[in-house]
Structures are given as structure tokens and as C-alpha cells.
*Asks:* 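One structure follows; several queries about it will come next.
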Amino acid sequence: MYYGVAYYPEQKNPQDLERDIELLIASGINTVRMGEFAWCRFEPQEGEFHFEWLDPVVERLGKAGIQTMMCTPTACPPAWMCEKYPEILYVDNRGVRRGFGGRRHYCYTNETYRKFSRRIAEKIGEHYGSNPYVMGFQIDNEPAQEATGRCQCADCQAAFRRWVEKRYHTVEEWNRRTGGISWSQELTSFSQIYTPVTAIEPHGISAVPVHFENPSIRLEFERFASAQQIEYQEIQNQALKKYTDKPITVNGTGLATNSINYYESFKSLDRYAFDYYPPMRHTKIGTFAYGFARGVKPGTPFWIPEFMSGGGHGLRGHGRAQTPPGSLKQAVVHAMAHGAQMLLHFQFRTFPYGAEQLNYAIVDIDGVPRRRYYEMQETASLLKRLAPLENAALTTEAAIVVDYDALWALAIKPVNESFQYLSFCRMISDTLNRQGHVSDVVSLDADWSGYKLLVLPALFVLRREYREKIKEYVRGGGTLLATFLTSVKDEYNTGWIESLPAGLTDLFGVTVQEVEPADERTSSILKMELPGGTVYTKDRHWSELLAGEAEIVGRYTEDYKAGQGVIARNPYGKGTAWYMGTMPEEDAFAKLLSHICEEAGLTKPEITVPAQYCEAVCREYEGGKLYYLFNFDKEPHQVDWKGTLVDYLTGEKHQDGALIPTDGFLILLKEAGRNEQG
């Protein structure tokens, strides 16, 4: 496993650099990430390239066993470039051109900036591509972060018009597909296409608070902006590939920034990589991001180039709570258990300068090693002992489909203020996790054949061609759980003129009769008939009344909805299709999902953990079972099982259970005698 830190030697004076290098070498880590924000050092003047400031650091660390992940510095164009070529600067949806002084203040469509980006990537690839101490390359830094994912400069406006024309061919087709007649928006030329003024990206600011732009053009712009950034990224990818065969990636932000379709953007890259800063103060680390990481590039380990390192001053005044003793080590092993091949803490030493000054780090600003440094040192040593486990197979039996069209469309036209698409998907993932089932997060294009249970949360936009794939999954024996807001719109973000769920009524055996938000005005009680008895609950987020031939498992009990179906189960081929017209309360949903998992034949967990505080991850290892058990709480917790498990690290035998310490973990083998590597 690649384990280490992000490091910025360009910020150091000779004395601090020497001290840091000594600490890095003594820490036992094996990887650093460097170069991502140093364009002004790589190219201090146009066409003048310098590497002598970084080469000695790469070589000295490399000879000590610490490899470098080398970054292209294109997130921060230098001052001379912004001054001489102001057309490269980003223009937001309000028409405001961003000036020099932050980061990511560039247009990813502008040909001048693309030319400079290609050249610096080529120079870095040429210089470091065959360096024995460089293990791989990172392109740019967190694309689309900080509301930089939807440039609307003149170049982007023109490119968007070309994009729309290429997809629709004629204005008449555009008008027909997008309902241009509505509000007199039929066009006579593609020159009349403009980018939207309403922002949905995180931290974006709408120019006009209430504008009600055509949802079709807004969805096309989301797709366009994503594609443009992927195109820009690919320029650097190809530039590097001319000089190296080492892995190339980009550090995305997982599902925190929704500007880029990561299923598409990582197809040509060698690893899926994302930065992750979960809360770690006696809090379970969410696994939704790891499930997504496994689904972007199935079968390939994922990388985390930036990960939490500790508390300290935040960037916006709220700060981050310190990580308790043991939690950094625990988090690294937890990521490894879920499929990570790299984890690099951000950052090694606290910055005295810039926007990220006084921020959290492994080593404080004074350069004195303290608790976090020594814990990193312990973790590096531990990972050497765990190296034989890296290829232990993680088998997942459930998957959740997350779709970017649904994400964007539900942000463009929300159905209920309480409903957030990604939060909803994460909640389902978390519920499965608490029941002992590790789930993947996959796309509509993924291979679903290996999953016993497939969940489609609010698949709001559904192209016609996916209908048969969904049916075939169930017909072949799979169990499908779909929720409200399934197949409501087509790929053009216009409503299907069919009974809902459009094209899938035969699969679910029901049609939607009425819909409304479920809120304080409308919320009603429903009852679910489950094998364990009748469960009463309130509806949440959304309500769909269902009618049809399917078995009605959930019915409303009050108001005019009394007796109306809201949750249905329908046999289809060799499998079963479930449809939830609302979201039950948390405990009730957990009972329903547990029943669905059992019916789908998911393997029952062999280890019982206190789900609120602990987690168990099971992997296959040398013909036996390998268990990672984690306790994220400030109190020790008992974990139970039947039989004997052997501690991989100590060889100690645990009969029928064990106590997991505060912020601790255990790594156990099912069969005695399989702890030789420990």
C-alpha cells in the first residue's frame, strides 16, 4: 500500500526542508505527493522550465525508500500567464471573470490554456516519466472544486452551441425534443443557445434568484461542462503517456462535487483517485465513498491522494476537530479493508502561508513531531506487516446505482426541499452497512450480474435503452429495489408521456396513481406487512399511490389515502422487483431492507457488531475468511461470533467474541494456523 503525505518543498527554506526530509525518512512512509501547486517554480517565465529545485528532494527521498507521486501544477496558473493571456481566466454564470490570486481560476475550454497545460505536462512527463523514484502522476488538482466546474466565458458559450448542434443536428430536432414551444422558446438558430444563468454546483451563486430556465438546456449544460473538463484532463493524460508507462490519475472529490461524471472521466486513467476528509471524532467513517470508488473502475484498487490528518484551523473559521489517538491508524486500515491501495495524508507540515495557512497537518507549524507524527510512524510499520493481506478478495453482493443524469436533474428541478439525491443514496448504503452488507456503487452501464441485490434510488431520468437491461437483471434471478421517482423523465429531461414508472410497470406490477411531497402538511401513516409482523411508520420525502397486480406490502392507514398501496413486491421471471413509493422512517426501512436482503439470499453476517459504533468487513484470504473489525466509538465494544478466530497480528485466539478497544480494530482469521504472516 502506498502510504504517506502531501508535501510542498517549494514553500520551505533550506533549514526547514532539511528538517522535514529527516522526519519524512524517519517516519517509515513510502510515498509523497509533490508539485501540484508549483507552476511558478516549474515555469517562472514563459517557456523557461526549471526542475533543479525539486530534483534533489525526489532523489534523496527516493534513495531512502520514499517514492514520489508527481503532479502537474495546472490548478494554479502563474501570474505571468494570467497577466499576458487574460482570456484564460474563468467566467462564472454571473459573467464575473475571476482574477489571479486563488486556484482553479482558469477556463478548461480555452485553447491558450490548453496549450500551456499540454506543454507543462509534457515537460514534467519528459523529465520524470522514467525516474525510478517517481511511482505515478496526478493531473491538476480536484477539478471543479470551489465552484469552478461550469465556466461560461465566450469560448465556453461557443463550444456549448457546437455541443448542442452535434447532439441534435437540427434546430427543429432541438425544439421537438426539449419542448421549445413552452414559454415561446422555439429557436431558429443554434446561435440562440446560451448557457444557463442558474447555478447548481456547490458554492455556485445564481445570477437571478428565480429564473425557471428550460430544464433540458440546463441538463445539457451539466453534461457539456463535465465533458469539457474530461477533454481538458485527457490532454494532459496523453501528454504524460508519451513519456511514461507509470499510473496516471487525477484526484477527484468523489461525490462531493457533482460537476464531473467520474464514470466517464476515469475510463482512460489508470486508477480512480479521490480526496476524502471524513469526520473522525468518535464517528463511523462513511463507506459510501469507498463503494463508489470500487464501482468507478471495478477490479482495480483505488487511491486516496488526500486524507484527513488531524484537527486545527479550518479554511472558513469552523475548524476541524482533532482525531483521537489511534483513529488515523484505524482509518488507514479501514480504507485498506475497503479496497484502497494508496492513502496520503494532507498534509505533512502546517502551512504558514496562503489560503490554507494554519491548517491541519501531521506535523505542526514549528516542525516538532508530536502525537500524529508518531501515529503515522506506527501505521507505516503496521502496513508492512499487513502487506500479505492486500490481495485478499472483497466480495460484494449488493450494489446501488448512482446516476449523474438523475443527480443533475433533481438538483435542477427539486421535488422536495428535504430530499437530496446523494444523501438518499448514502442513507441506503449506510443501512446496508449497518446490517453487515458491504455494497458497491455502480453506474447504469456496469455489469450487474454478480450482485444478488440491486437498488435504484430515485432513478429520475432513465433512457429507454436501459429498460430492458433492468428487466433482464430481474428476469435472470436478481432482486431489484427501486424507489419513488423512478423513470419519470427521458434523456432530454422532459417527462415521459407514459404511466409511471415509465416503461417498467410490467416489471413492478404497479402504476403510479398520484404523487405529492411528503412533508409536515401531507405526511401520513402507513403499515408494512413483513414476516416479523406489522410495522407502522410515517412516510418521508415523497408519496406515490400504487395500483396493480403486484403484492402490496405497504398501505396507507389514514386520510384519503387509507388502504392505498405505497410499497409493492412483484415476482418477475426468476427474480423479484420491489417498488417503494415512499421512504419509511429509519427503523422501519431497516426492517424492510433486512427482509429484502434475506429474500435476495445475501450472505448472513457471521459476526454481530453494535451497528451504531462498529463495522465488520469480510474478505477472502488463502481459502479462509479474513475479518476486519472496527470500533469508532470512545468506549470499547464487544463483538460476538460463534467459534474461534485468530488475531492476525498477535496469534491470540478469540473464542465466541472479543472486545474492540476505543478507536481500535482487530484483524482476525477464521481458521487457526493461518496467522503465520502475523
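Computed from a predicted model, the values in this text were never measured in an experiment. All residue numbers refer to positions in the sequence shown, counting from 1.
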*Asks:* Classify the side-chain pair Arg104/Thr148 by whether it contains a donor and acceptor separated by less than 3.5 Å.
*Replies:*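 There is such a pair (donor and acceptor under 3.5 Å, judged by atom type) between the side chains of Arg104 and Thr148.
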*Asks:* Is there a side-chain contact between Val617 and Tyr627 in this structure, where contact means two heavy atoms from C-beta onward sitting under 4.5 Å apart?
*Replies:*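 Val617 vs Tyr627: side chains apart.
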*Asks:* Give a yes or no on whether a salt bridge exists between Arg475 and Glu472, defined as a side-chain N under 4.0 angstrom from a carboxylate O.
*Replies:*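 Yes.
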*Asks:* Considering only NZ, NE, NH1 and NH2 on the basic side and carboxylate oxygens on the acidic side, decide whether Glu620 and Lys625 come within less than 4.0 Å.
*Replies:* yes
*Asks:* Are side-chain N/O atoms of Ser524 and Asp539 paired as donor and acceptor at under 3.5 Å?
*Replies:* no
*Asks:* I need the Gln435 CD to Leu593 CG distance, nearest 0.5 Å.
*Replies:*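 Here the rounded value is 5.0 Å.
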*Asks:* Could you tell me whether the side chain of Trp496 and the main chain of Lys489 form a donor-acceptor pair under 3.5 Å?
*Replies:* yes
*Asks:* Pairing donors with acceptors under 3.5 angstrom, does anything connect the side chains of Tyr276 and Thr253?
*Replies:*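 The answer is no; no qualifying pair exists.
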*Asks:* Could you tell me the separation between the CD1 atom of Ile525 and the OG1 atom of Thr537, rounded to the nearest 0.5 Å?
*Replies:* 7.0 Å
*Asks:* If only side-chain N and O atoms count, and only distance matters, is there a donor-acceptor pair under 3.5 Å linking His541 with Ser418?
*Replies:*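 Indeed, the side chains of Ser418 and His541 share at least one donor-acceptor pair under 3.5 Å.
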*Asks:* Determine whether Leu480 and Thr576 make a side-chain contact, defined as any pair of heavy atoms from C-beta on separated by less than 4.5 Å.
*Replies:*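 The answer is no, as the side chains (C-beta and beyond) never meet within the 4.5 Å cut-off.
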*Asks:* Does Asp640 reach the side chain of Ile607, with side-chain heavy atoms less than 4.5 Å apart?
*Replies:*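 Side-chain contact under 4.5 Å: no.
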*Asks:* Is it the case that the side chain of Arg218 and the backbone of Pro196 share a donor-acceptor pair, with hydrogens and angles ignored and the cut-off at 3.5 Å?
*Replies:* no
*Asks:* Can you check side chain to side chain contact (heavy atoms under 4.5 Å, CB included) on Leu456 and Leu481, steps first, answer last?
*Replies:* CA-CA 6 Å; Leu456 306 181; Leu481 170 61; over 6 Å; no
*Asks:* State, with a plain yes or no, whether a side-chain heavy atom of Lys527 is found less than 4.5 Å away from one of Glu529.
*Replies:* yes
*Asks:* Less than 4.0 angstrom from a charged side-chain N to a carboxylate O is my criterion; do Asp506 and Lys471 meet it?
*Replies:* yes
*Asks:* Considering residues, nucleotides and ligands other than Glu417, do more than 12 of their heavy atoms fall under 6.0 Å from its CD?
*Replies:*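 Incorrect, the count does not exceed 12.
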*Asks:* If you measure from the Lys or Arg side-chain nitrogens to the Asp or Glu carboxylate oxygens, is any gap between Glu491 and Arg464 under 4.0 Å?
*Replies:*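 Answer for the salt bridge query: no.
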*Asks:* Are the side chain of Arg294 and the backbone of Ser439 linked by a donor-acceptor contact shorter than 3.5 Å?
*Replies:* yes
*Asks:* Would you give the length of the straight line joining atom CG of Leu507 to atom CD1 of Ile470, rounded to the nearest 0.5 angstrom?
*Replies:*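 Atom-to-atom, Leu507:CG and Ile470:CD1 are 8.0 Å apart.
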*Asks:* Flag the pair Glu468 and Arg463 as a salt bridge only when some basic side-chain nitrogen lies within less than 4.0 angstrom of an acidic carboxylate oxygen.
*Replies:*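 No.
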*Asks:* Under 3.5 Å, side chain of Thr283 to main-chain N/O of Pro279, donor-acceptor pair present?
*Replies:*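 Flag not set: sc Thr283 to bb Pro279 has no pair under 3.5 Å.
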*Asks:* Are Asp405 and Arg223 ion-paired here, with the side-chain N under 4.0 Å from a carboxylate O?
*Replies:* yes
*Asks:* Under 3.5 Å, is there a donor-acceptor pair between the Asp447 and Ser449 side chains?
*Replies:* yes
*Asks:* Using only heavy-atom distances, determine whether the side chains of Tyr579 and Glu544 contain a donor-acceptor pair under 3.5 Å.
*Replies:*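 Yes.
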*Asks:* Does a side chain donor of either Tyr628 or Arg619 reach within less than 3.5 Å of an acceptor in the other side chain?
*Replies:*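 There is no such pair between these side chains.
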*Asks:* Is Glu558 paired with Lys538 through a side-chain N to carboxylate O contact shorter than 4.0 Å?
*Replies:* no
*Asks:* Phe221 pairs by side-chain contact (heavy atoms from CB on, under 4.5 Å) with which of Ile193, Thr195, Val164, Asn93?
*Replies:*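 When Ile193, Thr195, Val164, Asn93 are each tested with Phe221, the side-chain contact (heavy atoms from CB on, under 4.5 Å) holds only for Thr195.
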*Asks:* I'd like to know if the side chain of Thr511 and the backbone of Ser499 have a donor-acceptor N/O pair within less than 3.5 Å.
*Replies:* no
*Asks:* I'd like to check Phe630 versus Lys284 (side-chain heavy atoms, cut-off strictly below 4.5 Å). Are they in contact?
*Replies:*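 No. Closest side-chain heavy atoms not under 4.5 Å.
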*Asks:* Would you please test Arg555 and Thr557 for side chain to side chain contact (heavy atoms under 4.5 Å, CB included) and show each step?
*Replies:* CA-CA 6 Å; Arg555 294 183 185 273; Thr557 64; 5.9 Å; no
*Asks:* Looking only at the side chains, is there a donor atom on one of His334 and Glu615 sitting less than 3.5 Å from an acceptor on the other?
*Replies:*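 Yes, Glu615 and His334 have a side-chain donor paired with an acceptor closer than 3.5 Å.
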*Asks:* Under the 6.0 Å and 45° cation-pi test, does Lys469 pair with Trp448?
*Replies:* yes
*Asks:* Looking at side-chain heavy atoms only, is the closest gap between Lys591 and Met528 below 4.5 Å?
*Replies:* no
*Asks:* Centroid separation under 6.0 Å, is that true for the rings of Phe302 and Phe266?
*Replies:*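 When the ring centroids of Phe266 and Phe302 are compared, they turn out to be at least 6.0 Å apart.
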*Asks:* Between Asn175 and Thr178 (side chain of the first, backbone of the second, donor and acceptor by atom type, cut-off under 3.5 Å), is there such a pair?
*Replies:*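 Checked: no pair found.
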*Asks:* To the nearest 0.5 Å, tell me how far Phe160 CZ sits from Cys151 SG.
*Replies:* 13.5 Å
*Asks:* With rounding to the nearest 0.5 angstrom, report the CD1 to CE distance, Ile567 to Met583.
*Replies:* 8.5 Å
*Asks:* Does any non-hydrogen side-chain atom of Trp578 lie less than 4.5 Å from one of Leu592?
*Replies:* yes
*Asks:* For the pair Asp559 and Lys561, find out whether any cationic side-chain nitrogen is under 4.0 Å from an anionic carboxylate oxygen.
*Replies:*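 No, Asp559 and Lys561 are not salt-bridged.
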*Asks:* Pair Phe292, Tyr263 - check ring pair (Phe, Tyr, Trp, His ring centres under 6.0 Å), show working.
*Replies:* CA-CA 10 Å; Phe292 183 73; Tyr263 298 130; 5.5 Å; yes
*Asks:* Check the surroundings of atom CD in Glu585: do more than 12 heavy atoms from other residues, nucleotides or ligands lie under 6.0 Å from it?
*Replies:*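 Correct, the count exceeds 12.
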*Asks:* Are the side chain of Tyr262 and the backbone of Ala293 linked by a donor-acceptor contact shorter than 3.5 Å?
*Replies:* no
*Asks:* Treating Gln229 as the side-chain partner and Tyr108 as the backbone partner, does any N or O pair qualify as donor plus acceptor under 3.5 Å?
*Replies:*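 No; judged by distance alone, with no hydrogens or angles, the pair does not exist.
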*Asks:* Would you confirm whether the ring centroid of Phe274 sits within less than 6.0 angstrom of the ring centroid of Tyr272?
*Replies:*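 Aromatic pair counts; centres sit under 6.0 Å.
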*Asks:* Examine distances only and state if a side-chain atom of Thr486 and a backbone atom of Ala482 form a donor-acceptor pair shorter than 3.5 Å.
*Replies:* no
*Asks:* I'd like to know if Glu397 pairs up with Lys452 as an ion pair, taking the criterion as any Lys NZ or Arg NE/NH1/NH2 lying under 4.0 Å from an Asp or Glu carboxylate oxygen.
*Replies:* yes
*Asks:* Kindly determine whether Ser443 and Val402 satisfy side chain to side chain contact (heavy atoms under 4.5 Å, CB included), including the steps that lead there.
*Replies:* CA-CA 6 Å; Ser443 72; Val402 167; over 6 Å; no
*Asks:* Using 30° and 60° as the class boundaries, would you call the ring planes of Tyr492 and Tyr168 parallel, tilted or perpendicular?
*Replies:* tilted
*Asks:* Is it the case that atom CD in Glu549 sees more than 12 heavy atoms from other parts of the structure closer than 6.0 Å?
*Replies:* no
*Asks:* Ignoring hydrogens, what is the shortest heavy-atom contact between Asn570 and Gly509? Give both atom names and the distance.
*Replies:*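 Taking every non-hydrogen atom into account, ND2-N, 3.5 Å.
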*Asks:* Distance check, rounded to the nearest 0.5 Å: Ile260 atom CD1 versus Glu222 atom CD?
*Replies:*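 It comes to 11.5 Å.
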*Asks:* Determine yes or no for a side-chain-to-main-chain donor-acceptor pair under 3.5 angstrom, with Arg271 supplying the side chain and Thr249 the backbone.
*Replies:* no
*Asks:* When the aromatic ring centroids of Phe419 and Phe484 are compared, is their separation below 6.0 Å?
*Replies:*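 Yes, the ring centres sit under 6.0 Å apart.
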*Asks:* Hey, which of Arg161, Arg177, Arg167 is the one that makes salt bridge (Lys or Arg N to Asp or Glu O under 4.0 Å) with Glu220?
*Replies:* Arg167
*Asks:* Are a donor atom and an acceptor atom from the side chains of Ser268 and Glu234 found within less than 3.5 Å of each other?
*Replies:* yes
*Asks:* Quick one: do Phe212 and Trp183 satisfy side chain to side chain contact (heavy atoms under 4.5 Å, CB included)? Show the steps, please.
*Replies:* CA-CA 10 Å; Phe212 298 123; Trp183 286 10; 3.8 Å; yes
*Asks:* With a 4.5 Å cut-off on side-chain heavy atoms, are Leu444 and Leu462 touching?
*Replies:* yes
